[in-house]
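Presented below is the structure to which this report refers.
Reminder, nothing fancy here: chain letters follow the sequence lines and each chain counts from 1. Bear in mind that the values here come from a model prediction, so they are computed numbers and not experimental data.
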Amino acid sequence: MTLRAVQALLEARTVAGQRFLDEVTIETAGAADLMSDVLAYSRSGTLLLTGLASAQSLSTADIADMKAIIYVRGKQPPAEVVAQAEARGIPLLCTTLGMFECCGRLYQAGVKDDGDASLRR
Amino acid sequence: MPACDAEGTGKPLLRQGYAVQGGDFLAGGTVSTRIKDLLKEIGLSPALIRRAAICCYEAEMNVVMYARQGTMTVEIHPRELVIRVEDEGPGIPDVELAMQEGYSTATDFMRSRGFGAGMGLPNIRRNADLLEIESVVGRGTSLRAVIRLV
Ligand SMILES: Nc1ncnc2c1ncn2[C@@H]1O[C@H](COP(=O)(O)OP(=O)(O)O)[C@@H](O)[C@H]1O
Ligand SMILES: [Mg+2]
């Protein structure tokens with residue numbers, strides 16, 4: 001599904017990368033607040049859902065080749081992070097929905113887990 | 001003498017160094033992002049770039065979290081990429097213990113920044129073909145990760 005469809009599904013507001021909403025498509029997603037877990041277990045090209053709005057959420061998405069970030073529970077990334085995301089071409093979306101609700105809606109819409117199960121014990 | 005041996009100790013084709021500031025969480029990750037851009041320019045495969053970038057980023061965040069300051073150097077050799085991170089900081093008393101998944105001395109503040117799962121060094125080991133860490137308590141830590149390109 002397109003990122004625009006994700007935005008509608010999660011009742012989200014796009015704060016960076018508006019121009020990519022129709023072009024980016026999402027097949028897999030992962031949810032985490034610990035960035036090392038994202039770096040350890042996720043594959044590239046996925047959607048990151050997080051309640052962590054620090055600069056590290058963006059650098060993690062950038063380093064791990066993620067397509068976009070959804071900030072859940074009303075979390076807002078600081079202005080510096082928004083500006084950097086805009087420059088790096090990584091869309092940022094914010095929703096007041098909780099993590100569970102977001103994951104549930106995406107799963108129901110056919111989005112799959114981003115994890116590389118072979119990396120987990 | 002060969003131009004380069006299997007562990008990237010010869011003269012590199014390219015070397016680029018960056019300063020990493022301890023305690024600066026807002027900038028934490030920017031050096032690794034720049035290195036990632038450099039590797040992209042060079043034309044390495046996305047999979048190799050991702051592995052190298054993860055190594056850089058975890059090592060950079062360790063300097064940000066635990067050390068006063070450090071330098072990160074990336075070297076491109078004909079057959080491998082070498083990442084060197086040297087810091088001035090408290091050092092690691094027990095490197096073997098620090099390498100274990102889940103071992104962490106991170107504070108709640110660091111965890112609120114998304115790090116401190118004790119997965120950083122294991123992540124580097126997983127993504128590198130070779131990882132060496134030398135540390136002197138009270139002085140600092142030096143880390144060398146090698147990724148084979150061919
Ligand atoms: N550069 C460093 N200087 C001092 N201590 C470090 C450094 N890097 C790692 N450590 C120590 O090793 C532990 C494990 O590191 P790591 O695997 O990256 O996990 P985390 O950073 O999540 O704690 C850290 O909690 C810290 O005690
Ligand atoms: Mg770490």
Practice item. Kindly say whether A:Ala64 contributes a backbone atom to a donor-acceptor pair with the side chain of B:Lys36 at under 3.5 angstrom? Key: no
Check your understanding: Where does A:Thr60 contact chain B at under 4.5 Å (heavy atoms): side chain, backbone, both or neither?
Key -> both
Review point. Ignoring hydrogens and geometry, is there a side-chain-to-backbone donor-acceptor pair from A:Asp33 to B:Gly114 under 3.5 Å?
Key: no
Check your understanding: Are there more than 12 heavy atoms of other residues, nucleotides or ligands under 6.0 Å from atom CD of B:Gln16?
Key -> yes
Review point. Looking at side-chain heavy atoms only, is the closest gap between A:Leu39 and B:Glu58 below 4.5 Å?
Key: yes
Check your understanding: Okay, side chain of A:Gln56, backbone of B:Gly29: is any donor-acceptor separation there less than 3.5 Å?
Key -> no
Check your understanding: Is the number of heavy atoms from other residues, nucleotides or ligands within 6.0 Å of CZ (A:Phe100) greater than 12?
Key -> no
Exercise for review: Specify the closest pair of heavy atoms between A:Asp65 and B:Pro46, including all atoms of both residues, with the distance to one decimal.
Suggested key: OD2-O, 4.3 Å
Review point. Rounded to the nearest 0.5 Å, how far apart are OG of A:Ser36 and CE of B:Met61?
Key: 8.5 Å
Check your understanding: Are any of the side-chain heavy atoms of A:Leu34 and B:Met119 separated by less than 4.5 Å?
Key -> no
Check your understanding: What is the distance from atom CD1 of A:Ile63 to atom CD1 of B:Ile54, rounded to the nearest 0.5 Å?
Key -> 8.0 Å
Point to revise | Straight-line distance of A:Asp62 CG to B:Ser32 OG, nearest 0.5 Å | key: 10.0 Å
Review point. Looking at B:Thr30, B:Ile49, B:Asn127, B:Asp37, which has the largest count of heavy-atom pairs under 4.5 Å with chain A?
Key: B:Asp37
Review point. Does B:Tyr66 belong to the same Ile/Leu/Val/Met/Phe/Trp/Tyr cluster as B:Val64, with side-chain heavy atoms less than 4.5 Å apart forming each link?
Key: yes
Check your understanding: By a 4.5 Å heavy-atom criterion (distance strictly below it), what part of B:Tyr57 contacts chain A: side chain, backbone, both, or neither?
Key -> side chain
Practice item. Determine, using the 4.5 Å side-chain heavy-atom cutoff (strictly less than), whether B:Leu130 and B:Leu121 are members of one ILVMFWY cluster. Key: no
Review point. Is there a path from A:Ile90 to A:Val6 through hydrophobic residues (I, L, V, M, F, W, Y) whose side chains come within less than 4.5 Å of each other?
Key: no
Review point. Taking C-beta and beyond as the side chain, do A:Ser54 and B:Phe25 meet within less than 4.5 Å on heavy atoms?
Key: no
Exercise for review: Indicate if A:Leu49 and A:Ile69 have the same hydrophobic cluster label, given that clusters are the connected sets of ILVMFWY residues with side-chain heavy-atom separations under 4.5 angstrom.
Suggested key: no
Exercise for review: Kindly check if the number of other-residue, nucleotide or ligand heavy atoms within 6.0 Å of CZ (B:Arg139) is above 12?
Suggested key: no
Review point. Are B:Leu131 and B:Ile35 connected, step by step, through hydrophobic side chains (Ile, Leu, Val, Met, Phe, Trp, Tyr) whose heavy atoms are closer than 4.5 Å?
Key: yes
